[in-house]
Amino acid sequence: MIRFGLCCIFREAPIRFRRATAKHLLSKPPAERLTTLSAICRHNAEALHQALLFCQANGIGGFRINSQILPLKTHPEVGYAMADLPGGDEIVDQFRRCGRFSRRHHIRTSFHPDQFIVLNSPNPDVVHRSMADLAYQTEVARWVNADVINLHGGGAYGDKKAALRRLVRVIGKLPTAVRNRLSLENDDRVFTPADLLPVCRQAGVPLVYDVHHHRCLPDGRTVADVTGEALETWPREPLFHLSSPLHRNGGGPCGPHHDFIDPSDFPCEWRTLDLTVEIEAKAKEIAILRLMQTLPDDLKHRCA
DNA sequence: AGCGGTCAAGTTGAT
DNA sequence: ATCAACTTGACCGCT
């Protein structure tokens with residue numbers, strides 16, 4: 001069975017996550033900062049519960065959690081520990097409730113740290129800050145029962161092979177709780193599936209195959225090839241990515257995502273797999289619900 | 001109440 | 001050398 005994952009936010013359902021800016025917090029006295037952050041974190045824990053309820057009620061089998069669910073958690077000036085927040089224990093409890101709900105209803109959750117988290121940077125400060133952020137996301141992942149923290153390979157710095165060697169080495173040094181959840185995803189500018197699959201095998205982390213990125217940044221392999229090799233990197237249910245481009249510039253760089261998914265972008269090779277497919281479409285839950293309606297018929301005709 | 005500029009962080013590639 | 005694009009809002013200060 002294919003299950004679809006929703007990425008971070010809703011277009012129409014009235015479920016919103018809050019954030020904070022460091023600049024604003026720094027204009028307040030420290031005690032007030034913590035009160036503000038506490039209110040936001042509490043709100044977000046409740047919003048996550050609502051998000052999971054929505055998914056459960058609508059047959060959506062996965063949900064990607066925004067990295068800013070605990071805003072600015074590892075920021076050098078306004079970063080904090082849960083114990084610093086007023087009512088921090090209750091906030092953690094609420095996240096644990098989300099974890100029990102997702103386990104009971106088989107809703108898979110994941111994280112996708114943003115572009116500032118780079119494990120293979122030649123700058124050790126960048127790597128250390130990245131590892132700290134991964135530790136934070138892992139902490140939340142344990143509460144909420146998320147089994148995937150998905151990352152891009154990072155930069156090439158003019159020497160892809162050396163960059164990939166650094167990546168293997170740094171992954172090897174990660175705490176087990178982080179590495180057990182870590183996955184790597186092919187991107188649209190630097191690292192293809194062919195680049196990352198050896199890293200995945202050496203470092204013992206799975207590949208999140210993004211077929212749209214692969215079409216923009218090809219590596220000579222077919223969708224069928226990469227699908228098969230990526231599946232072998234997963235000791236549990238695999239997780240792949242699907243999106244449709246707003247503009248069809250065949251072979252050019254990946255542009256912005258479309259509002260919806262063109263069902264014909266769904267690879268026939270995935271049809272019969274047990275697989276989580278995270279849907280990157282700007283219409284969010286509307287796009288998933290539409291795809292769930294149109295895909296079965298489309299597959300029947302296109303992939304016979 | 002509504003508007004628009006701004007928001008921690010990195011890297012690449014276009015200008 | 002500088003700067004937008006990644007993804008995309010939400011927030012905050014101002015009117």
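Here is the naming used below: chain letters follow the sequence lines, and residue numbers restart at 1 for every chain. Side chains are part of it too, since the values below use all heavy atoms of this structure and drop only hydrogens, waters and symmetry mates.
Using a 4.0 Å heavy-atom criterion, one finds that A:His24 contacts the sugar-phosphate atoms exclusively. A:Arg189 comes within 4.0 angstrom of a nucleotide base, judged by non-hydrogen atoms across all strands. Residue A:Ala156 is classed as a sugar-phosphate contact, given heavy-atom separations below 4.0 Å to backbone atoms only. Among the protein residues, A:Thr74 comes within range of the nucleic acid bases, having at least one heavy atom under 4.0 Å from a base atom.
Distances from the side chain of A:Tyr157 to the nucleotides C:dC6, B:dT12, B:dA8 place B:dT12 closest. When distances are taken from the side chain of A:Arg129 to each of B:dA8, C:dC11, B:dG10, the shortest belongs to B:dG10. For A:Arg16, taking side-chain heavy atoms from C-beta onward, the closest of the listed nucleotides B:dA8, B:dT11, C:dA10 is C:dA10. For A:Pro256, taking side-chain heavy atoms from C-beta onward, the closest of the listed nucleotides C:dT7, B:dG10, C:dC6 is C:dC6. Side-chain proximity of A:Val126 to the nucleotides B:dG10, C:dC6, B:dA9 is greatest for B:dG10. Among B:dG10, C:dA10, C:dT7, the nucleotide with an atom closest to any side-chain atom of A:Arg19 is C:dA10.
Residue A:Lys23 places no side-chain N or O under 4.0 Å from the OP1 or OP2 atom of C:dG13. Residue A:Ser130 places none of its side-chain N or O atoms closer than 4.0 Å to OP1 or OP2 of B:dG10.
Rounded to the nearest 0.5 Å, atoms CG (A:Asp133) and CZ (A:Phe116) are 10.5 Å apart.
Comparing A:Phe116 and A:Arg11 by the nucleotide of DNA chain C that holds the closest heavy atom to each, the one mapping nearer the 5' end is A:Phe116.
Comparing C:dT7 with C:dC3, their P atoms sit 22 Å apart, to the nearest whole Å. Distance check on atom P: C:dT8 versus B:dT11 gives 22 Å, rounded to whole Å.
Salt bridge status for A:Glu232 with A:Arg201: absent, with no side-chain N to carboxylate O gap under 4.0 Å. By the 4.0 Å N-to-carboxylate-O rule, A:Glu278 lies too far from A:Arg108 to be salt-bridged with it.
Side-chain contact of A:Glu237 with A:Thr276: a donor-acceptor pair under 3.5 Å is present, judged by distance alone.
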**Report entry** salt bridge (Lys or Arg N to Asp or Glu O under 4.0 Å) between A:Arg11 and A:Glu285, intermediate numbers included
**Finding:** CA-CA 7 Å; A:Arg11 165 162 282 196; A:Glu285 81 278 17; over 6 Å; no

